[in-house]
*Asks:* 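Could you have a look at this structure, given as structure tokens, before my questions?
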Protein chains: 2
Amino acid sequence: MRADTVAAAKKSSRPVVLRSTAEFARHIGLARTTVSRVLNQQPGLRPKTIERVQRALAETGFTPNAHAVHLKGKRTAMIGICMEDLATPPAVRKLAALQRLLRSRGIASLIEVYTPGVGRDVVRHFQSLRVEAVVFIGHFLRDEIEARLTELTRQGTPHLVIDQFGLKGANTVALDRAAGMELVVNHLLDLGHRSFGSLGITKGPPSRIDRQTGIQAALRARGLDPAACIVSVDHLHERSNDFEYGRLLAGSLVGLAERPTAFLGYNDEIAIGALRGFQEAGLRVPRDVSVTGFNNQEICGMTSPALTTVDQSIEDTVATAAEILLGQLGAAPTAKPIVRTIAPALVVRESTGPVRA
Amino acid sequence: MRADTVAAAKKSSRPVVLRSTAEFARHIGLARTTVSRVLNQQPGLRPKTIERVQRALAETGFTPNAHAVHLKGKRTAMIGICMEDLATPPAVRKLAALQRLLRSRGIASLIEVYTPGVGRDVVRHFQSLRVEAVVFIGHFLRDEIEARLTELTRQGTPHLVIDQFGLKGANTVALDRAAGMELVVNHLLDLGHRSFGSLGITKGPPSRIDRQTGIQAALRARGLDPAACIVSVDHLHERSNDFEYGRLLAGSLVGLAERPTAFLGYNDEIAIGALRGFQEAGLRVPRDVSVTGFNNQEICGMTSPALTTVDQSIEDTVATAAEILLGQLGAAPTAKPIVRTIAPALVVRESTGPVRA
DNA sequence: CCTTGCGGCGGACACGTGTCCGCGAGAATC
DNA sequence: GATTCTCGCGGACACGTGTCCGCCGCAAGG
């Protein structure tokens, strides 16, 4: 009987699909329990038997059902990652680095984009899969995200928010964006600039507020009035965070009666778009105007002129995030939320220069 | 008794973690089967009871264990996606689009980076989770990937390869890269160019071979000898696909005795890097040399000069991919592999111009 | 030949769920 | 008040696995 099944399987070029340890064991003529022992490295088996099972495992490609295994109490070794989107390069870089780090620890990543509205379903799905933690990367609607965090905490699932600062009760790792903008503004002040144009930094969500805070702090520290020296036409064009928005803004800023001498970009894309916009209008950077970005993406070194910007230190962020996450996995839930701040660094290139006399 | 547990839970600010339908049912004073019926929308229940369960569901955040559910035979509604890396923007865009499309069909995406060597484990893990299909995005080692596909087929798991063309027995969706390069070369030939410089297209893996095929076809069609009119110094610098490699190449190409008049970029990054490199050397684009990219990333419209490149039509690719995938899910395995080719489009901008007389 | 021990067999249970089915309490109907 | 109907209860089974445990065939040692 057993010999028959083996022979039959070997003859047919398309062997039977094996979907359970029982089927697999029958296929190779052993008991289910014996196979299970090999899979779980239990002692008391002949080396010959172990090797026999393992070869068959490799040949057939059989894999034990993870769902059943987890049901028996083994850890799922999965975490859920909620992304604001997959279109923001720095966020994707964080995702990539985090995924790699967790992978090396044997943890798989379930990745979903958290769209406002269906976000609840996404987190519920993670919960139902009994992930060991949920990570949020990016910026989300405050109320919505806090509701998700409450749900997670109630079910005892650890969480971590990367990038978004100031959420109540949230474990957080975020760049100190205010400090980043302080660096930028101080650099420009040192170059003699006293009037600044906004490239998408006014009003809006926390990621912009943080930047404003930094700008204002830097100006006040030198005795300047933020309201008086910042100009914004951000509202003139439909808001987005891409190149084109920056280009349009530059177009609108060029003709201003009291045109600022330096322009502060919300991110590198907008700044690069503005670079193009200013050049299209016949201005030269940094001779006529200075422009700064934020994030220090690779492209910043390749534009003409190369872009002065703020580096995020993604490695630090992700390393810190992983440390927090791994620390939470086995342990009991922490009472106080863990909050870590990452220090930014100014990268001076060619797009900023002294004010022309 | 039952009233007690409810009251106790309501009193303590940290309610008990509910990890099974049984616990949840006890918590709200109902039978497990009743809760199960609500969850699975079975008839024969009073609206009042249904509402009572659903409110408790929302309040406690309880979620039935997906592993147990799948074990009972319900579909997992998950697919596995293997990425070559998360650093190639067009690949990430495909990932994002595909993930979104599948999400809207109720299918979750498990995403892993397939590093050569540990790739086997990744696919095995997908298999053990009984994903409904496995997708590969990017270019992989031929032998390794074909081994993975064989394993998948043997276990009856549908697959799809996006981007990599010509794998034996593989369901494939890929851009016709050869056709893309033909468009580029024809465009340059029309502008009078007869000598071409390689920016990272010589030798190497399939993604480069495809491009070479297209270039050679275009040249031969006009009676030119590819070997005679293509110059390459690709080997002079350590290979990578980023801006810096392009910049270095340009630096080495500038001083050539018989410097070509047009340069063909493997991708946009290398082309943009070359743009910068040529400009640093004092050349003007496109007056002195023409440069082309590949992929049509957003940045191409913002460089100075804006980059002539080939558009991938990612929407087409992903739509086709989703169509194939969704078609495979319920159905029986197809005998013949499905192969679809996506047509590229030339996008002419400012980085290409007529040869100077 | 009998004893001993090794190593594989196979039955049993639990994990959390969906589903079926018989039961019974309470309400509605006559 | 007796009958019928409604609807929730709770026992049972199966899904695939890990683990425990008693059993037994077989070979080695006395």
*Asks:* With sugar-phosphate meaning primed atoms plus P, OP1 and OP2, does B:Thr33 contact a base, only sugar-phosphate, or nothing at under 4.0 Å between heavy atoms?
*Replies:*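 It contacts base atoms.
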*Asks:* Indicate, with a heavy-atom threshold strictly under 4.0 Å, whether A:Ser36 touches base, sugar-phosphate, or nothing.
*Replies:*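 Answer is base: heavy atoms of A:Ser36 come under 4.0 Å of a base.
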*Asks:* Atom CG of A:Asn40 and atom C1' of D:dT19: how far apart are they, to the nearest Å?
*Replies:*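 Going from CG in A:Asn40 over to C1' in D:dT19 covers 9 Å.
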*Asks:* Pick the nucleotide of DNA chain D nearest each of B:Val35 and A:Lys74; which residue has the one closer to the 5' end?
*Replies:*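 In this pair, the answer is B:Val35.
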*Asks:* Round to the nearest Å and state the distance from B:Ile50 atom CD1 to D:dT6 atom P.
*Replies:*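 Going from CD1 in B:Ile50 over to P in D:dT6 covers 16 Å.
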*Asks:* Any heavy-atom pair between the side chains of B:Arg148 and B:Glu144 that's under 4.5 Å?
*Replies:*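 A side-chain contact exists here, since the closest heavy-atom pair is under 4.5 Å.
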*Asks:* I want to check something: taking the side chain as every heavy atom from C-beta on, are B:Leu71 and B:Arg130 in contact at a cut-off of under 4.5 Å?
*Replies:*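 No, their side chains stay 4.5 Å or more apart.
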*Asks:* Using whole Å, what does the distance between atom P of nucleotide D:dG16 and atom CZ of A:Arg19 come to?
*Replies:*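 Result: 9 Å.
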*Asks:* Hey, is the side chain of A:Arg46 poking within less than 4.0 Å of OP1 or OP2 on C:dG8, counting only N and O atoms?
*Replies:*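 Answer is yes, contact under 4.0 Å.
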*Asks:* Write down the distance between CG (A:Leu71) and P (C:dA14), rounded to a whole number of angstrom.
*Replies:*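 Atom CG in A:Leu71 sits about 14 Å away from atom P in C:dA14.
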*Asks:* State whether the number of non-hydrogen atoms from other residues, nucleotides or ligands found under 6.0 Å of B:Arg100 atom CZ is greater than 12.
*Replies:*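 No - once you tally the heavy atoms of other residues, nucleotides and ligands closer than 6.0 Å, there are 12 at most.
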*Asks:* Heavy atoms under 4.0 Å, any strand shown: does B:Gly44 hit a base, just sugar-phosphate, or nothing?
*Replies:*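 Since only primed, P, OP1 and OP2 atoms lie under 4.0 Å of B:Gly44, the category is sugar-phosphate.
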*Asks:* Out of the candidates A:Leu101, A:Val134, A:Val135, only one should pair with A:Leu325 under the side chain to side chain contact (heavy atoms under 4.5 Å, CB included) rule; please name it.
*Replies:*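 Between A:Leu325 and the candidates, side chain to side chain contact (heavy atoms under 4.5 Å, CB included) is satisfied uniquely by A:Val135.
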*Asks:* C:dT17, OP1 or OP2 - any side-chain N/O from B:Asn65 closer than 4.0 Å?
*Replies:*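 No, no such contact exists.
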*Asks:* Using whole Å, report how far NZ of A:Lys48 lies from P of C:dC6.
*Replies:*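 Distance check: A:Lys48 NZ to C:dC6 P gives 19 Å.
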*Asks:* Could you state the atom-to-atom distance from CZ of B:Arg37 to P of D:dC9 in whole Å?
*Replies:*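 After rounding, the reported distance stands at 9 Å.
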*Asks:* Between the base of D:dG11 and the side chain of B:Arg32, is one N or O donor paired with an acceptor at under 3.5 angstrom?
*Replies:*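 There is none.
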*Asks:* Just report the end-to-end axis angle for the helix from C:dC1-D:dG30 to C:dC30-D:dG1, five pairs per end, to 10 degrees.
*Replies:*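 Here the helix ends are tilted 40° relative to one another.
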*Asks:* Between A:Pro206 and A:Gln164, which heavy-atom pair has the shortest distance, and what is it?
*Replies:*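 Between these two residues, the closest heavy atoms are CG-NE2, 4.4 Å.
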*Asks:* Are any of the side-chain heavy atoms of A:Leu30 and A:Thr49 separated by less than 4.5 Å?
*Replies:*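 Heavy-atom side-chain distance check passes, below 4.5 Å.
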*Asks:* With sugar-phosphate meaning primed atoms plus P, OP1 and OP2, does A:Thr34 contact a base, only sugar-phosphate, or nothing at under 4.0 Å between heavy atoms?
*Replies:*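 Sugar-phosphate contact only - A:Thr34 comes under 4.0 Å of backbone atoms but never of a base.
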*Asks:* Please figure out whether B:Leu45 or B:Lys72 has its closest DNA chain D nucleotide nearer the 5' end.
*Replies:*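 Result: B:Leu45.
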*Asks:* Identify the residue among A:Val318, A:Asp163, A:Thr320 that makes a side chain to side chain contact (heavy atoms under 4.5 Å, CB included) with A:Val173.
*Replies:*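 Of all the options given, the one that passes is A:Thr320.
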*Asks:* What is the distance, rounded to the nearest whole Å, between atom CZ of B:Phe24 and atom C1' of C:dT17?
*Replies:*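 From B:Phe24 CZ to C:dT17 C1': 15 Å.
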*Asks:* Just compare C:dG18, D:dG18, D:dC9 and give me whichever is closest to any side-chain atom of B:Leu30.
*Replies:*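 My answer, after comparing the listed nucleotides, is D:dC9.
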*Asks:* A:Leu18 CG to D:dC15 P: how many Å, rounded?
*Replies:*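 For the pair A:Leu18 CG and D:dC15 P, the rounded distance is 17 Å.
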*Asks:* Would you check if there is a donor-acceptor pair between the side chains of B:Thr157 and B:Gln127 at a distance under 3.5 Å?
*Replies:*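 B:Thr157 and B:Gln127 do have a side-chain donor-acceptor pair below 3.5 Å.
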*Asks:* Please check the phosphate of D:dT19 (OP1 and OP2 only) for any side-chain N or O of A:Gln42 closer than 4.0 Å.
*Replies:*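 Yes, within the criterion.
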